[in-house]
Amino acid sequence: MNLTLEALRILDEIDRRGSFAAAATALDRVPSALTYSVRKLEDDLDVLLFDRRGHRARLTAAGEELLTQGRHLLRAADELEQRVKRAATGWETELRIVVDSVIPFERMLPLVADFDREECSTRLRFSCEVLSGVWEALLQGRADLAIGAAYEGPDAVQMNSEYKSRALGRINWVFAVAPTHPLAREPDPLPAEAIRRHRAIAVGDTGRTLPDVTAGLLSGQHTLTVPTLEAKLAAQLANLGCGHLPRALAASHLASGALVEKDTAEAKPGGTAHIAWRASARGKALQWFLDRLAEPATRQMLLGSDA
């Protein structure tokens, strides 16, 4: 007798129920059939799996080792069965979503909670990238859906019918400094030369193969590069530099006086965020997110009052 999933399930039930008789009832089998299966397995493996002394069937050390490892196989088999069933219904086993850091992840959580109510068992896997890194994740197959991408995409997306994209909404950027920053005392609008004399706080592009993208930086300006928009906000609050921030992110700090808004002579960064996905994708989970991302209320939730 080869070691089979059925044999492992029999061992599992006997261990959980404490007796061959109780396990037989749970499996809708006669006790003699379970006894035969276990003895045949013991003969094939040439080990004793159960200590049959006493009223309760107890696993030997060899039996415990077999069942411990066997339960991993049982769980894997059950998960495979569920994945196959989900695939048959059109729901993906997993949906990978890359989010640009321009969207604070906590704003995604209500959307995740709504998706959970579908009870479809599709696993969601989120990652965070910045600027070209978002497009790179989609192009390299590390993401199925990109949310918040900062521009319309590289040529590999714009000139390729394999991908689809659409605008998510506009982001209103504001140039802000701490009240003790030298620029706070300068008259508006700030000329480019005045801004260039001071360090800018920039969020680093996480792309590796696509050309780096910068927004709101002046040629020759000294920069402090940080990993996220939240880090950029913290650095500007700490008076470590200047730069543009999404108004929705900076609003409370502007209202409290922790940041000062300044008008600039130079144009603000481009303000449209996009979503993108592979055109051939047909899964129900992806379609659910695309439908929700088309709703004005969802766009406003993700982008703040700017959408």
Side-chain angles (χ1 to χ4, degrees), residues 98-112 126-131 133-134 147-151 167-206 213-218 221-274 296-307:
V98 58
V99 183
D100 191 281
S101 70
V102 74
I103 299 176
F105 187 71
E106 59 267 21
R107 296 183 187 174
M108 293 293 306
L109 299 181
L111 203 57
V112 174
F126 286 93
S127 60
C128 182
E129 300 285 350
V130 179
L131 296 172
V134 176
I147 301 178
Y151 60 107
L168 179 64
R170 290 194 59 80
I171 298 174
N172 183 13
W173 295 85
V174 55
F175 188 87
V177 295
T180 53
H181 193 282
L183 289 176
R185 299 186 296 272
E186 294 284 337
D188 292 337
L190 297 175
E193 194 53 44
I195 297 174
R196 189 180 284 109
R197 291 195 295 268
H198 300 277
R199 182 169 67 178
I201 309 298
V203 181
D205 190 321
T206 57
V213 175
T214 60
L217 295 179
L218 299 174
Q221 188 176 17
H222 181 47
T223 60
L224 170 64
T225 303
V226 296
T228 64
L229 267 174
E230 287 75 13
K232 174 176 165 65
L233 171 63
Q236 290 183 219
L237 286 168
N239 196 23
L240 297 178
C242 60
H244 290 88
L245 292 164
R247 183 175 292 277
L249 182 65
S252 63
H253 303 288
L254 294 170
S256 70
L259 287 175
V260 176
E261 179 179 354
K262 301 294 290 183
D263 290 331
T264 63
E266 294 288 324
K268 293 183 175 68
T272 301
H274 297 79
T298 302
R299 298 199 300 267
Q300 184 172 1
M301 176 181 69
L302 296 182
L303 301 178
S305 58
D306 307 320

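Values below: every heavy atom of this structure, side chains too, minus hydrogens, waters and symmetry copies.
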Colleague: Would the distance check show the side chain of Gln221 and the main-chain N or O of His198 forming a donor-acceptor pair, the cut-off being under 3.5 Å?
Modeller: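 Looks like yes, one N/O pair under 3.5 Å.
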Colleague: At their closest point, which heavy atom of Glu106 faces which heavy atom of Pro110, and how far apart are they?
Modeller: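 It is O-CD, 3.5 Å.
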Colleague: Contact between Met108 and Ile147 at the side-chain level, heavy atoms closer than 4.5 Å - yes or no?
Modeller: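 SC-SC contact between Met108 and Ile147 confirmed.
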Colleague: To the nearest 0.5 Å, how far apart are CG in Leu240 and NE2 in His181?
Modeller: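 Here the interatomic distance stands at 9.5 Å.
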Colleague: Could you tell me whether the side chain of Lys232 reaches within less than 4.5 Å of the side chain of Pro246, counting heavy atoms only?
Modeller: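 The answer is no, as the side chains (C-beta and beyond) never meet within the 4.5 Å cut-off.
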Colleague: At their closest point, which heavy atom of Glu186 faces which heavy atom of Leu190, and how far apart are they?
Modeller: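 Minimum heavy-atom separation between Glu186 and Leu190: CB-CD2, 3.4 Å.
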Colleague: If you compare all heavy atoms of Leu131 against all heavy atoms of Val203, which two are closest, and at what distance to 0.1 Å?
Modeller: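 The answer is CD1-O, 4.5 Å.
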Colleague: For the backbone of Gly241 and the side chain of Arg199, can you confirm whether one donor and one acceptor N or O come within less than 3.5 Å of each other?
Modeller: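 Side chain of Arg199 to backbone of Gly241: no pair is present.
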Colleague: What's the spacing between Leu259 CG and Leu237 CG if we round to 0.5 Å?
Modeller: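 It comes to 4.5 Å.
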Colleague: Contact between Leu111 and Met301 at the side-chain level, heavy atoms closer than 4.5 Å - yes or no?
Modeller: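 They are in side-chain contact.
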Colleague: Of the non-hydrogen atoms in Gly148 and Asp100, which two are nearest, and what is the gap between them?
Modeller: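 For Gly148 and Asp100, the tightest heavy-atom pair comes out as O-CB, 3.1 Å.
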Colleague: What is the minimum heavy-atom distance between Leu229 and Ser101, and which atoms define it?
Modeller: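 The answer is CD1-O, 3.4 Å.
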Colleague: Just how far is it from atom CG of Asn172 to atom NE2 of His244, taken to the nearest 0.5 Å?
Modeller: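 One gets 10.0 Å once the value is rounded to the nearest 0.5 Å.
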Colleague: I'd like to check His274 versus Leu168 (side-chain heavy atoms, cut-off strictly below 4.5 Å). Are they in contact?
Modeller: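 Counting from C-beta outward, His274 and Leu168 never come under 4.5 Å.
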Colleague: Could you measure the distance from the CZ atom of Arg107 to the OG1 atom of Thr298? Nearest 0.5 Å is fine.
Modeller: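 Interatomic distance, Arg107 CZ to Thr298 OG1, rounded to 0.5 Å: 13.5 Å.
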Colleague: Do any N or O atoms from the side chain of Glu261 and from the backbone of Leu254 form a donor-acceptor pair under 3.5 angstrom?
Modeller: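 No, the answer is negative, given that no donor and acceptor are paired below the 3.5 Å cut-off.
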Colleague: For the side-chain contact (heavy atoms from CB on, under 4.5 Å) test, which of Ile171, Val102, Leu233 pairs with Leu249?
Modeller: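 Of the listed options, the one satisfying the test is Leu233.
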Colleague: Does the side chain of Val98 reach to within under 4.5 Å of the side chain of Ser127, using non-hydrogen atoms?
Modeller: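 Yes, at least one pair of side-chain atoms sits under 4.5 Å.
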